[in-house]
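Just below is one structure, and these are the notes that go with it.
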Amino acid sequence: MGCKELIESLRAAGDERVKAMRLEAEQEAERARAEAARRIAEIQAEHAAKRTAAAAAHAEHFLAEANGTVRQKRLLAERALADRLYGLARSSLAGLRNVGYRDMFTSFVQELPRFTWRTIRVNPADGALAREHFPDAEILFDKAITGGLEALSDDGQVKVVNTFEKRLERMWEEMLPEIMKEVMERFP
């Protein structure tokens, strides 16, 4: 083999080697691009998951805050309704004086413990009834009492409040849940 043929053979071998190296480099570059694309996709997926988790956490926080506000407003509305219902109940106490009030007043007197009662406080319309049951007591009038009486013992140690208002006040906490239930059923 001559010099020319040797050079040609070396050139052909070199070209083949360059082609092989170029092919190998292109394959390596393709693997690197594929690896980079895979890693970018992973990072994007991680960031998307973090954004989704952060968005969910924010949504949960805002929803909890909104639910708290709703609960608070509902409680305030229920309290306002309960107060209004109590006011209506108090204003309707006068209707209890219409029928059988004399017997009711007598039953209130009979519920009193056996003491000598010095002072009796009643509605001005109940003056005659009070004098009839407590002839020796001082009878005081109070327009704030719708019905019933307040009695103070002779020694001032015992005071009994047996009025419509006090009875309503004592029973209100027991009555209110049932009233609220009925209101909520009628006006959902």
Side-chain angles (χ1 to χ4, degrees), residues 49-188:
K50 286 179 183 177
R51 280 193 309 269
T52 300
H58 284 298
E60 186 176 321
H61 169 75
F62 290 128
L63 186 58
E65 196 174 275
N67 285 338
T69 301
V70 167
R71 275 191 302 277
Q72 183 181 19
K73 288 185 184 233
R74 182 178 178 101
L75 288 173
L76 289 173
E78 286 178 0
R79 183 74 256 161
L81 177 59
D83 291 345
R84 187 164 183 209
L85 289 169
Y86 184 75
L88 290 170
R90 271 192 73 111
S91 67
S92 69
L93 292 176
L96 297 175
R97 298 181 62 89
N98 294 338
V99 177
Y101 179 70
R102 180 177 191 78
D103 293 336
M104 190 179 306
F105 187 89
T106 301
S107 73
F108 283 18
V109 169
Q110 291 171 349
E111 291 173 1
L112 294 174
R114 299 288 173 216
F115 283 105
T116 302
W117 299 104
R118 175 180 56 171
T119 306
I120 304 297
R121 185 178 305 273
V122 294
N123 181 289
D126 295 337
L129 281 171
R131 281 188 197 87
E132 183 181 315
H133 289 284
F134 305 98
D136 299 329
E138 175 185 13
I139 308 298
L140 302 176
F141 301 110
D142 186 346
K143 290 182 180 179
I145 297 174
T146 305
L149 63 133
E150 289 182 14
L152 184 63
S153 67
D154 198 26
D155 59 3
Q157 295 290 316
V158 177
K159 180 179 180 180
V160 175
V161 180
N162 201 359
T163 62
F164 288 168
E165 290 78 11
K166 187 52 97 173
R167 285 175 176 244
L168 176 62
E169 181 184 318
R170 287 182 188 139
M171 294 176 56
W172 186 248
E173 292 303 316
E174 292 177 33
M175 294 168 49
L176 183 59
E178 193 61 36
I179 293 170
M180 290 296 284
K181 180 182 172 188
E182 186 176 323
V183 168
M184 295 304 179
E185 286 173 356
R186 291 181 75 188
F187 307 100

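Computed from a prediction, not measured in an experiment: that's the story for all the values here.
Here D154 contributes atom CG and T116 contributes atom OG1; the two are 5.5 Å apart, rounded to the nearest 0.5 Å. Rounded to the nearest 0.5 Å, atoms NZ (K159) and OG1 (T119) are 10.0 Å apart. Going from atom CG of L96 over to atom CE of M104 covers 5.5 Å, rounded to the nearest 0.5 Å. Remark: E169 CD to M171 CE distance equals 12.5 Å, nearest 0.5 Å.
Using a 4.5 Å heavy-atom threshold, the side chains of R71 and N67 count as touching. By the 4.5 Å heavy-atom criterion applied to side chains, F134 and L112 are counted as neighbours.
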side-chain contact (heavy atoms from CB on, under 4.5 Å) between L85 and M180: does it pass, once the steps are laid out?
CA-CA 9 Å; L85 289 169; M180 290 296 284; 3.8 Å; yes

Stepwise side-chain contact (heavy atoms from CB on, under 4.5 Å) test for D126 and L149:
CA-CA 9 Å; D126 295 337; L149 63 133; over 6 Å; no

Could you walk me through whether Y86 and L176 pass the side-chain contact (heavy atoms from CB on, under 4.5 Å) test, one step at a time?
CA-CA 9 Å; Y86 184 75; L176 183 59; over 6 Å; no

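Formation of a donor-acceptor pair under 3.5 Å by the R97 side chain with backbone atoms of T146 is found in this model.
Residue A82 comes nearest to W172 through the heavy atom pair O-CZ2, 3.7 Å, listed as atom of the first residue, atom of the second, then distance. Nearest heavy atom pair, residue Y101 against residue L129, reads CE2-CD1, 3.9 Å. In terms of heavy atoms, S92 sits closest to A89 at OG-O, 2.8 Å. Annotation for G148 and V122: closest pair O-CG1, 3.8 Å, computed over non-hydrogen atoms. Scanning all heavy atoms of the two residues, the minimum distance from L168 to M175 falls at CD1-CE, 4.2 Å. In terms of heavy-atom proximity, F141 sits nearest to N123 at CD2-O, 3.9 Å.
Residue pairs meeting the salt bridge (charged side-chain N to carboxylate O under 4.0 Å, His left out) criterion with at least one member in residues 129-145, sequence neighbours excluded, are R102-E132.
Ring planes of F105 and H133: tilted class, angle from 30 to 60°.
By the 6.0 Å contact criterion, CE on M184 is enclosed, its count of non-hydrogen atoms from other residues, nucleotides or ligands being greater than 12. Other residues, nucleotides and ligands contribute only 12 or fewer heavy atoms inside 6.0 Å of the CD atom of Q72. The 12-atom threshold is exceeded at CD of E111, counting heavy atoms of other residues, nucleotides or ligands nearer than 6.0 Å.
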